[in-house]
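Written below as structure tokens is the structure these notes are about.
Below, all heavy atoms of this structure are taken into account, side chains as well, without hydrogens, waters or symmetry copies. Note that ligands are numbered from 1 as they come in the structure, with each ligand's atoms numbered from 1 the same way. If you're wondering where the values come from, they're calculated on a predicted model, not measured in any experiment.
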Amino acid sequence: MAQQEEVFKKLVSHCKEYGFVFPSSEIYDGLGAVYDYGQNGVELKNNIKRYWWDSMTLLNDNVVGIDSAIFMHPTIWKASGHVDAFNDPLIDNKDSKKRYRADVLIEEQLAKYDDKIDKEVEKAAKKFGDAFDEQKFRETNPRVLENAAKKTELHTRFAKALNDNNLDELRQIIVDYEIVCPVSGTRNWTEVRQFNLMFATEMGSTADGALKIYLRPETAQGIFVNFLNVQKSGRMKIPFGIAQIGKAFRNEIVARQFIFRMREFEQMEMQFFVRPGEELAWFEKWKQTRIGWHKALGLGDKKYRFHDHDKLAHYANAATDIEFEMPFGFKEVEGIHSRTDFDLGSHEKYSGKKMQYFDPELNKSYTPYVIETSIGVDRMFLSVLAASYHEEELEGGDTRVVLQLPPALAPVKLGILPLVKKDGLPEKALEIMNDLKFEFQCQYDEKDSIGKRYRRQDAIGTPYCITIDHDTLVDNQVTIRHRDTMQQERVPIVDVEAIIREKVSLKVLLNKIPS
Ligand code: ATP
């Protein structure tokens with residue numbers, strides 16, 4: 001774990017050093033859990049968004065996009081349940097004065113049992129070598145079984161407390177399991193209280209009687225309230241989906257772990273409207289499609305797992321998270337929820353406007369059911385970076401830091417490097433760049449040795465570099481260098497565009513997603 005924390009620290013400083021992510025308002029000492037994306041970060045982020053958007057709107061002819069406003073009528077948040085129920089249970093440690101989410105403290109305790117089990121398995125695997133039967137070991141080893149039983153016991157108690165909304169019981173669990181504050185190391189806890197996560201502001205001047213409005217805590221409601229607008233203007237037939245990418249705001253209690261938990265972040269959400277009764281089949285279908293979308297990136301299939309919810313939200317009849325193995329453990333990146341007809345039904349009630357769909361095949365009207373896929377852009381960004389960051393030992397004792405980003409997501413696709421800064425090589429390099437820049441993001445670099453320039457491109461994840469040397473002026477060929485293998489090959493300039501395009505185009509990724 002300590003080693004993973006070390007890697008995480010390095011990743012955070014790498015993000016700053018190479019223009020991916022900066023703390024917001026840094027010259028004023030920053031602003032808690034708010035971050036800015038730099039010149040490389042914004043490109044990577046845009047590529048992630050493009051990958052998601054195209055997978056939704058190009059690959060599904062029944063999914064269309066919208067871009068709704070952040071400010072919305074405040075009654076929307078009453079109807080959605082956010083005013084009354086968008087709370088987290090918070091607890092303070094009286095010694096360190098640090099604030100925590102009670103549920104997260106307990107989840108961390110649960111994860112400790114998994115860690116203990118994994119350690120036993122690892123130890124035994126080493127001891128028994130090839131003869132090791134992991135499944136049998138997990139089913140029979142007394143220490144594994146003891147920890148599994150402890151985990152189940154805590155899990156059952158925790159799930160019940162959450163479902164009953166029993167704050168006293170959450171505190172009691174923390175006390176009974178002797179959970180300590182990671183900062184002070186003490187068990188001097190306050191009561192557990194509910195805390196609403198929405199940011200409120202005012203619209204209009206106070207003289208007019210200003211309206212209290214909220215910064216949206218999710219983009220989904222902008223989709224629900226536009227359901228009929230899109231259905232009618234696009235003549236959409238059920239089943240169909242509406243996708244949206246946009247900012248969301250939550251006044252998170254505990255906002256550590258870099259861009260994993262931010263107060264201002266971005267979501268990519270898709271609400272898929274279906275016939276009542278068909279929602280669970282669609283839920284399964286979207287689960288498979290979404291995990292396929294993640295795995296197509298090639299970051300490692302073992303890094304993903306589904307985690308079904310212990311406590312279903314008030315609107316859901318099925319829910320799962322796609323978790324990714326971050327440097328600080330498996331964490332939610334995306335939620336997939338079967339939201340029933342709760343949202344449309346509730347907006348119908350609060351607005352007094354019908355939110356129904358007339359199904360010509362069934363010859364009747366109904367309130368559609370909804371499957372939601374909801375993924376955080378920033379968490380996705382973090383997972384891609386964490387899986388791509390590698391420190392490599394090279395021959396001759398050298399080391400390099402390389403971001404092995406999926407080529408389609410890389411901020412820069414092609415580094416263009418004249419071998420020397422003279423003899424007409426820069427001119428030739430710029431000529432090539434001026435041709436290719438219409439196709440993909442290129443970066444020209446003539447400063448320092450070629451080795452140093454390769455390292456700089458490795459550090460930002462550029463999948464290919466071309467070097468223009470004296471022979472280029474004669475034979476119109478360049479050397480392409482591959483980021484991951486560091487292998488080099490000589491190719492004609494006229495072929496460069498096609499070679500690179502084939503490797504970096506989104507199409508390659510989109511093709512890998514199961515339909
Ligand atoms: P968590 O349990 O971690 O607080 P959540 O279950 O509240 O997350 P959802 O409401 O399902 O999250 O939001 C959908 C997605 O939005 C999440 O899977 C996550 O990727 C992203 N997200 C939610 N909150 C944040 C945040 N504070 N910072 C960054 N991304 C977030």
Side-chain angles (χ1 to χ4, degrees), residues 21 24 31-37 41 45 48-49 52 77 80-82 85-90 100-108 110-111 158 162 194-199 215-223 243-271 283 286-287 290-291 293-294 304-316 318-324 326 328-339 342-343 370-386:
V21 182
S24 156
L31 183 67
V34 186
Y35 290 90
D36 298 336
Y37 286 83
K45 199 175 176 210
I48 290 173
K49 290 196 274 187
W52 183 88
W77 303 113
S80 67
H82 282 82
F86 194 51
N87 302 315
D88 275 342
L90 70 83
Y100 299 92
R101 269 174 62 176
D103 55 332
V104 172
L105 285 178
I106 299 171
E107 274 165 11
E108 282 168 2
L110 281 166
F158 175 48
L162 283 180
Q194 290 290 24
F195 175 78
N196 193 288
L197 300 184
M198 279 199 295
F199 284 99
L215 296 187
R216 66 179 178 199
E218 62 176 29
T219 63
Q221 297 305 321
I223 296 179
Q244 163 153 249
I245 300 180
K247 287 269 176 143
F249 305 84
R250 296 183 187 178
N251 198 2
E252 297 280 2
I253 303 169
V254 185
R256 295 181 205 120
Q257 292 169 326
F258 194 39
I259 55 172
F260 180 79
R261 191 172 298 286
M262 302 156 91
R263 296 200 166 100
E264 173 180 343
F265 58 100
E266 217 168 346
Q267 289 185 314
M268 308 189 277
E269 297 198 294
M270 196 278 303
Q271 311 294 326
F283 175 73
W286 278 107
K287 258 177 86 170
R290 293 304 305 146
I291 196 82
W293 181 90
H294 285 277
Y304 302 91
R305 70 179 188 198
F306 284 116
H307 174 248
D308 296 334
H309 284 205
D310 293 323
K311 182 194 176 191
L312 287 177
H314 55 284
Y315 50 74
T320 194
D321 294 336
I322 295 177
E323 294 187 338
F324 184 83
M326 301 277 187
F328 39 88
F330 272 95
K331 296 285 170 190
E332 170 182 346
V333 172
E334 171 160 6
I336 302 166
H337 311 121
S338 172
R339 291 182 79 125
F342 172 81
D343 302 270
V370 173
I371 304 304
E372 161 181 87
T373 71
S374 172
I375 169 170
V377 179
D378 313 272
R379 283 193 193 175
M380 189 61 208
F381 184 102
L382 183 57
S383 63
V384 169
L385 269 188

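Residue-ligand proximity: E252 is placed with a non-hydrogen atom under 4.0 Å from ligand 1. Residue-ligand proximity: R101 is placed with a non-hydrogen atom under 4.0 Å from ligand 1. For V333, the closest heavy-atom approach to ligand 1 falls below 4.0 Å. Within the structure, the closest approach of E266 to ligand 1 does not fall below 4.0 Å when heavy atoms are considered.
The shortest N/O to N/O separation between M262 and ligand 1 falls below 3.5 Å. Taking only nitrogen or oxygen atoms, main chain and side chain alike, G376 reaches within less than 3.5 Å of ligand 1. The N/O atoms of E269, backbone and side chain alike, include none that comes under 3.5 Å of an N/O atom in ligand 1.
With respect to R339 and E218, a salt bridge is recorded, a charged nitrogen being found less than 4.0 Å from a carboxylate O.
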Quiz item: Taking it one step at a time, do E372 and Q271 satisfy side-chain hydrogen bond (donor to acceptor under 3.5 Å, both in side chains)?
Solution: CA-CA 5 Å; E372 161 181 87; Q271 311 294 326; 2.8 Å; yes

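Between I259 and F265 there is no side-chain heavy-atom pair separated by less than 4.5 Å. Side-chain contact check for F199 versus E264: every heavy-atom pair is 4.5 Å or farther apart. The shortest side-chain heavy-atom distance between W286 and H337 does not fall under the 4.5 Å cut-off. Side chains of F306 and I322 form a contact here, defined as non-hydrogen atoms less than 4.5 Å apart.
Within the 4.0 Å heavy-atom criterion, the part of H337 lying near ligand 1 is the side chain and not the backbone.
Nearest protein heavy-atom contact of atom 29 (C) of ligand 1 is F260 O, 3.3 Å. Of the protein's non-hydrogen atoms, E332 OE2, 3.5 Å is the one closest to atom 11 (O) of ligand 1. Ranking protein heavy atoms by distance to atom 22 (N) of ligand 1, first place goes to F265 CE1, 3.5 Å. From the protein, the heavy atom lying nearest to atom 19 (C) of ligand 1 is R379 NH1, 3.5 Å. Among protein heavy atoms, the minimum distance from atom 10 (O) of ligand 1 is reached at R250 NH2, 2.9 Å.
One N or O on the side chain of R263 and one on the backbone of E252 form a donor-acceptor pair closer than 3.5 Å. In this structure, the side chain of Q221 does not engage the main chain of S80 through any donor-acceptor pair within 3.5 Å.
The ring pair (Phe, Tyr, Trp, His ring centres under 6.0 Å) test applied to F86 returns H82, not counting sequence neighbours. With sequence neighbours left out, K331 forms a salt bridge (charged side-chain N to carboxylate O under 4.0 Å, His left out) with no residue at all.
Numbered from 1 in the order shown, with element, the atoms of ligand 1 that lie under 4.0 Å from a heavy atom of S374 read 13 (O), 14 (C), 15 (C), 18 (O). Remark: ligand 1 atoms within the under-4.0 Å shell around heavy atoms of E334 are 18 (O).
Of the listed options Q267, R261, E323, Q267 places a heavy atom closest to atom 13 (O) of ligand 1.
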